[in-house]
Amino acid sequence: MFRIEKIGEFHFYLKVLGTFPPSVAERFIAEFNEITKGLNNFSFIVDGLDLIMLNLKSFEIILDFLKKNNNRLVRSAYIVAGNPVLDKEAQILLDRADSPKRKIVNNLEEARKWIGLSKIIIQRD
């Protein structure tokens, strides 16, 4: 599961929960493309603290998505601390996406600073 929330003019927050099978990865990409349609650039925070694992096929889907958006990306931060396997998967994913605009961080505060927001208000369900 996932939830996308707009947290700034062109800043987005993505909360990822549980597993991220290919069908969810594809749904995420479709939703994200719809939300960012018409934007020349964007930044986002990926909160993966509640992510359990990333399916290999999902990894490939997300990698392709990241590469296609390198030109529109201002900055993105990935919070995956606390899960050594995901930390390694995330690092491999970001290395292969080939962009210095992406960074793994330890918490929301570091993510906020990296993408350049003065504050973040996230809606809770």
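Only a predicted model underlies this, so the values are computations on that prediction, with no experimental measurement involved.
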Glu110/Lys113 ion pair, N-O < 4.0 Å
no
Once salt bridge (Lys or Arg N to Asp or Glu O under 4.0 Å) is applied, do any residues pair with Lys68, and if so which ones, sequence neighbours excluded?
Asp64
What do you reckon, are the aromatic ring centroids of Phe44 and Phe32 less than 6.0 Å apart?
yes
Looking at side-chain heavy atoms only, is the closest gap between Leu49 and Val80 below 4.5 Å?
no
Heavy atoms of Arg112 and Ile45 approach each other most closely as N-CD1, 4.1 Å
Please examine the side chains of Phe2 and Arg27, heavy atoms only from C-beta on, and report whether any two atoms are closer than 4.5 Å.
yes
Shared ILVMFWY cluster between Met1 and Val46, side chains joined below 4.5 angstrom?
no
Between Phe10 and Phe42, is the ring centre distance below 6.0 Å?
no
Hydrophobic cluster membership, Ile35 vs Leu73, 4.5 Å side-chain cutoff
yes
Side chains of Asn70 and Arg102: any donor to acceptor distance under 3.5 Å?
yes
Least distance between heavy atoms, Gly18 atom then Leu51 atom:
O-CD1, 3.1 Å
Do other residues, nucleotides or ligands put more than 12 heavy atoms under 6.0 Å from the CG atom of Asp95?
yes
Is Ile29 reachable from Leu17 through a run of I, L, V, M, F, W or Y residues, each pair having side-chain heavy atoms under 4.5 Å apart?
no
Determine whether Leu66 and Ile4 fall in the same hydrophobic cluster, where Ile, Leu, Val, Met, Phe, Trp and Tyr are linked whenever their side-chain heavy atoms lie under 4.5 Å apart.
yes
